[in-house]
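Both ligands and their constituent atoms are indexed starting at 1 by order of listing.
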Amino acid sequence: MISLRSLSIIASLVVSSVIAGIVKSPEPPCKVTYWFSFGDSYTTTGFTWNSTLPSIGNPLGNPAFPGVTGGGGENYVGFDTVTYNKSLILSYDYGVGGAVIDPTLVAPLTLALPDEITQFLEGAAKKPKTSPWTSEDALFSVWIGINDLGNTFYLNGSRSAFSDLLLERYFAQVQKLVDAGGRKFLFINVPPTYRAPLIIGYFPTQLDVLKAVIEGFNSKLAAKVKAFKTQNHGVSTWSWDAYTAFNIILDSPKKYGFVDNSSYGEPGDFWANTYHPSTPAHLIFAKQISQLLAGTPWF
Ligand SMILES: *[C@@H]1O[C@H](CO)[C@@H](O)[C@H](O)[C@H]1NC(C)=O
Ligand SMILES: *[C@@H]1O[C@H](CO)[C@@H](O)[C@H](O)[C@H]1NC(C)=O
Ligand SMILES: *[C@@H]1O[C@H](CO)[C@@H](O)[C@H](O)[C@H]1NC(C)=O
Ligand SMILES: *[C@@H]1O[C@H](CO)[C@@H](O)[C@H](O)[C@H]1NC(C)=O
């Protein structure tokens with residue numbers, strides 16, 4: 001039988017824990033960090049910069065997780081934010097489908113990288129109460145170039161010189177992130193889009209040109225990242241080689257759980273549609289990215 005005395009102890013325990021709950025302000029469950037991502041349909045989650053912002057319990061802000069992505073369902077941003085994260089990442093994803101590096105070089109479908117950077121500078125860069133990020137706890141990532149190359153590779157004139165121009169404009173934008181306090185940068189190169197179902201039907205000579213243009217751009221990007229790090233004291237960079245990662249999976253799709261290298265839209269396919277990887281493919285990308293950045297505040 002429970003005595004009156006023990007009942008009153010239980011009652012007072014209940015009361016004191018209730019009081020403790022009221023007095024103690026709710027603490028975040030773990031360390032909060034930030035991720036500002038820029039890019040195109042391979043990155044977008046459909047985020048609108050001046051609507052509902054990322055918060056604890058709603059790490060992508062708007063639209064709700066997993067957002068609206070190029071392939072439908074989670075993409076690498078979503079998976080890295082909530083599946084492979086080692087801190088509570090508030091993810092501001094400025095990526096927009098169809099985005100290009102510079103609207104004066106390649107006509108964009110919608111917005112271009114400078115617009116995305118401006119949205120960051122006008123909002124989160126000002127460190128409002130909703131996003132008190134620091135140089136140490138904020139990751140900046142850029143995955144762009146797919147549309148720029150896909151929409152111009154067939155044109156006359158030196159593609160190499162054009163890639164130099166694209167990358168000059170690309171890094172002029174990235175410099176603005178450094179000026180705003182960004183110090184941790186992840187760069188992602190252009191994947192082998194000549195293997196996407198949308199493109200594989202092109203003439204073989206066209207595929208060869210696109211492949212060569214992408215490879216040229218990627219090797220120039222690697223050199224630019226190196227120079228960017230040298231020119232900006234205190235900046236850390238990581239590079240995820242999407243080009244190689246896609247090729248490894250597409251060369252042995254079964255090994256990675258996919259039926260083949262060109263089917264799309266069904267469970268088991270690498271491609272979600274004719275131009276975008278599926279959610280299972282993005283899960284692999286996200287894991288590789290988290291491994292590349294292992295030991296950082298995010299992963
Ligand atoms: C959000 O920003 C866009 C421009 O990026 C602007 O057109 C729109 O009016 C803004 N919306 C609000 C609610 O401020
Ligand atoms: C990872 O993110 C989820 C969703 O925001 C969060 O609930 C979880 O606590 C985070 N994990 C760690 C280890 O911080
Ligand atoms: C490229 O140059 C060739 C030869 O001058 C011309 O026939 C072709 O129309 C040009 N193509 C484009 C896309 O400008
Ligand atoms: C798909 O794989 C086959 C061999 O299994 C190869 O011949 C073909 O070139 C590949 N296609 C693409 C688009 O990668």
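For the 3.5 Å distance criterion, the side chains of D102 and T104 qualify, holding a donor opposite an acceptor.
Under the side chain to side chain contact (heavy atoms under 4.5 Å, CB included) criterion, L207 pairs with Y194, I199, Y202, sequence neighbours left out. Residues passing the side chain to side chain donor-acceptor pair (under 3.5 Å) test with S87, sequence neighbours excluded: T33.
No part of K31 comes within 4.0 Å of ligand 2, judged by heavy-atom distances.
In summary, the atoms of ligand 2 found under 4.0 Å from a heavy atom of T81, numbered by their order in the structure, are 2 (O). Below 4.0 Å from some heavy atom of N85 lie the following atoms of ligand 2, by number and element: 1 (C), 2 (O), 3 (C), 8 (C), 10 (C), 11 (N), 12 (C), 13 (C), 14 (O). Ligand 2 places these atoms under 4.0 Å from at least one heavy atom of L88: 5 (O), 14 (O).
The aromatic ring centres of F187 and F171 sit less than 6.0 Å apart. Aromatic ring centres of Y84 and F299 lie farther apart than the 6.0 Å criterion allows. The ring of F246 has its center closer than 6.0 angstrom to the ring center of F270.
Atom CZ of F228 is surrounded by more than 12 heavy atoms from other residues, nucleotides or ligands within 6.0 Å.
For residues 204-229, the pairs satisfying side chain to side chain donor-acceptor pair (under 3.5 Å) are S160-K220, D164-K220, K211-E215, E215-Y243, with sequence neighbours left out.
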If you look at each N/O of ligand 1, which protein N/O atoms lie under 3.5 Å away, and at what distance?
unit_1: ligand 1; atom_1: 2 (O); unit_2: W49; atom_2: NE1; d: 3.3
unit_1: ligand 1; atom_1: 2 (O); unit_2: N50; atom_2: ND2; d: 2.2
unit_1: ligand 1; atom_1: 5 (O); unit_2: W49; atom_2: NE1; d: 3.0
unit_1: ligand 1; atom_1: 11 (N); unit_2: N50; atom_2: ND2; d: 2.9
unit_1: ligand 1; atom_1: 14 (O); unit_2: N50; atom_2: ND2; d: 3.4

